[in-house]
Amino acid sequence: MGYVGIVLISHSEKVACGIKDIIRQVIQDVPVEVAGGTDDGKIGTSMDRISAAIECADQNKGILLFYDLGSAKMNAELAIEMSEKENIKLAEAPLLEGSYVGAVESSMGKSIAEIIDTLNKNF
Amino acid sequence: MGYVGIVLISHSEKVACGIKDIIRQVIQDVPVEVAGGTDDGKIGTSMDRISAAIECADQNKGILLFYDLGSAKMNAELAIEMSEKENIKLAEAPLLEGSYVGAVESSMGKSIAEIIDTLNKNF
Amino acid sequence: MSFTVEKAIKWLEKINEKIQENKQYLTKLDQPIGDGDHGINMARGFQEVVTIVNEKEYDTVSDVMKATAMTVMSKVGGASGPLYGTAFLKMSLAFKEKEVIDDATFIHGLEEALNGIKQRGRAIHGEKTLVDVWEPVVNKLKQENNFQADLILNTAKAAMEKTKETMATKGRAAYFKENSIGHIDPGSASSFYLFEALAEVLEEEK
Amino acid sequence: MSFTVEKAIKWLEKINEKIQENKQYLTKLDQPIGDGDHGINMARGFQEVVTIVNEKEYDTVSDVMKATAMTVMSKVGGASGPLYGTAFLKMSLAFKEKEVIDDATFIHGLEEALNGIKQRGRAIHGEKTLVDVWEPVVNKLKQENNFQADLILNTAKAAMEKTKETMATKGRAAYFKENSIGHIDPGSASSFYLFEALAEVLEEEK
Ligand SMILES: Nc1ncnc2c1ncn2[C@@H]1O[C@H](COP(=O)(O)OP(=O)(O)O)[C@@H](O)[C@H]1O
Ligand SMILES: Nc1ncnc2c1ncn2[C@@H]1O[C@H](COP(=O)(O)OP(=O)(O)O)[C@@H](O)[C@H]1O
Ligand SMILES: [Mg+2]
Ligand SMILES: [Mg+2]
Ligand SMILES: [Mg+2]
Ligand SMILES: [Mg+2]
């Protein structure tokens, strides 16, 4: 069995990719996918990018979505509703700080419920 | 009189620049300076980059520093101690979410104490 | 009235016309209390909607609404994408398997759309969002239980203008707190165009 | 003993030698419970320290420590930069205006450095950080109130090895919680080299 996947949803592609870089320095095995910016690379969020990231991050152990500001959350919720997958959850934690914790926890083989629990304790 | 300056300290240059992009879409007047990555552009933080950002962000109304993970905070504190300036404060709020709020508040002419107050209420 | 595929497409085309015409204005509304992209977002989305609904043959209004929802969700970007996307999706569901869409059915569809928007945005009336236009219009229509172009137009317009007086507590404008007062909510303005377009479709019918 | 500019530079050169030799090892220690850059960080920083302290003439040990502090702060990067930087800065301050640095003064300088590290990292003994090596060494030196190479070496070594058994509650390793047990703390290992180098400087004196 794989790891809980992490999806980074930001209004900025640079932010999402940069956070992935920070995580990758520490954690290599956990799937971390980015959904940053709009379809045309501008500041904003895109449901399609989020849906694609969800697909890629899936290792059948659940997927945890982290988002930055307002519309990112709404688009993430839409993408979750549109997806056929189960066990996709939206993390209510700061994007960078939360996803770093989430990725480390995932690398230790934790379940999505355990990770959410840790996040709730930390933030 | 100018605005309270914002300094974004991240382990990743991309993250710091991306957050600045997000803020700049909304707020143009407030000084927002980045201190991302190490001196040689790797993942990490650099006291020198933080010190330089502090210099640039100064409009004599105080400077608020936002950081991401552990060593960023220590380097920020060092930079504050090394600086001759007064009224530099380290914000205890998530980097992206906190600095966005901070920049909007600064644009409304708020003082550094008022901004920290809002951050404490929000995070 | 009976709301047909033809009328639905006409409605969408009129929405798009108004949004393209007022693209700059919508963006300008979004500048002082937001990120200045509402006009750009809406114009990109509805341009694509018009292309899509004219490209294919649609059997039902429900299908037209579904295609609109999917396009808006994908193309608009920003908060208005999932919000309007959800609205059209809810209408599509409300119109499903209806042979004829009479006034009551259409009003029910708009009500479902409003509920969808409120749920998606976790917003209630008075928070300086597009809910502030949708809710009074839907309530008025439910009260009268029939479609009158004037009623829709006037209610939507008054509601949009009223957002100028309120403080935002949802969306990007909420970060500006008291400073958000004195500006019309951009999403309420685009929703006004949506209802203005609807009023015109009804007008033409006469 | 009397700690001179010459000895200070010798000490820094020996620290650097050990760190360059064990660069890979330090980085390897930082991989399971960190971001795998401790060797790289320390090697970059101390290489530069050696260059700088040999480039200029220094009148006092305090000045050498100051130059070291500034270089470490600028060049190391990562948590160890501000931590070791603060340590050398505190030593520089403790040695300021001292004509002769005898054992008591040097031990006081190390104690000040320890306090600086603890303050900077908000760490106490037992959190699996370099404090776990500095504190036992400083305590032992204070107890004995003189410098013995063996004592320093053995205390530092045992303390470093003990970090293998503890759980990290500060720094990056803390994210790994229980999983941090079973690994030597990278910062404690580099601190061991620092004290090993000091022991060797003392040894040579005899
Ligand atoms: N949580 C919410 N609930 C309801 N409506 C909202 C919410 N957030 C934003 N809106 C509406 O969306 C409009 C802004 O849309 P737009 O500018 O396209 O998105 P963004 O704010 O992401 O840039 C606002 O004027 C408001 O009417
Ligand atoms: N808050 C802290 N207090 C004391 N020491 C710390 C703290 N955080 C980290 N350290 C020390 O720093 C070492 C890691 O240094 P390094 O790898 O260079 O930095 P980073 O963790 O930023 O990559 C740890 O092994 C630990 O000894
Ligand atoms: Mg906008
Ligand atoms: Mg936007
Ligand atoms: Mg490290
Ligand atoms: Mg590091």
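In this text, all values refer to a predicted model and were calculated from it rather than measured experimentally. Only heavy atoms go into these numbers, but all of them, side chains included; no hydrogens, no water, no symmetry mates. Chain identifiers are assigned alphabetically (A, B, ...) following the order of the sequence lines, protein sequences preceding nucleic acid strands; residue numbering begins at 1 within each chain.
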- Task: Report, as yes or no, whether the 6.0 Å neighbourhood of atom NZ on D/Lys10 holds more than 12 heavy atoms from other residues, nucleotides or ligands.
- Result: no
- Tell me, do D/Met70 and B/Met82 make a side-chain contact under 4.5 Å, heavy atoms counted? yes
- Query: Should we say atom CD of B/Glu92 is surrounded by more than 12 heavy atoms from elsewhere, each under 6.0 Å from it?
  - Reply: yes
- Nearest-0.5 Å distance that lies between atom NE2 in B/His11 and atom CG in D/Asp35: 6.5 Å
- Roughly how far, to the nearest 0.5 Å, is CD of B/Glu77 from OG1 of D/Thr86? 9.0 Å
- Message: If you count every heavy atom of other residues, nucleotides or ligands that lies below 6.0 Å from D/Glu99 atom CD, does the total exceed 12?
- Response: no
- Message: Quick test of your reading of the model: are B/Asp40 and D/Arg44 salt-bridged, counting only N-O distances below 4.0 Å?
- Response: yes
- Query: Around atom CD of D/Glu6, are there more than 12 heavy atoms of other residues, nucleotides or ligands at under 6.0 Å?
  - Reply: no
- Message: Restricting to non-hydrogen atoms, name the atom on D/Lys75 and the atom on B/Asp39 that form the minimum distance, rounded to 0.1 Å.
- Response: NZ-OD2, 4.4 Å
- Task: Over all heavy atoms of both residues, which pair between D/Pro82 and B/Met74 is shortest? Give the atoms and the distance, please.
- Result: CG-CB, 3.6 Å
- Task: Tell me, yes or no, whether the heavy-atom count around D/Lys96 atom NZ, taken from other residues, nucleotides or ligands under 6.0 Å, exceeds 12.
- Result: no
- For B/Lys42, does the NZ atom have more than 12 heavy-atom neighbours from other residues, nucleotides or ligands under 6.0 Å away? no
- Note on the structure: Heavy-atom nearest pair, B/Asn75 first then D/Met73, reads OD1-O, 4.4 Å
- Taking every non-hydrogen atom, the tightest pair across D/Ala79 and B/Ser71: N-CB, 3.1 Å
- Message: As a quick check of understanding, evaluate side chain to side chain contact (heavy atoms under 4.5 Å, CB included) for D/Arg122 and B/Lys73, giving each step before the final call.
- Response: CA-CA 11 Å; D/Arg122 290 181 182 74; B/Lys73 179 175 184 167; 3.8 Å; yes
- Item | B/Glu86 atom CD, over 12 foreign heavy atoms within 6.0 Å | no
- Contact origin within D/Arg172 toward chain B - heavy atom pairs under 4.5 Å: side chain
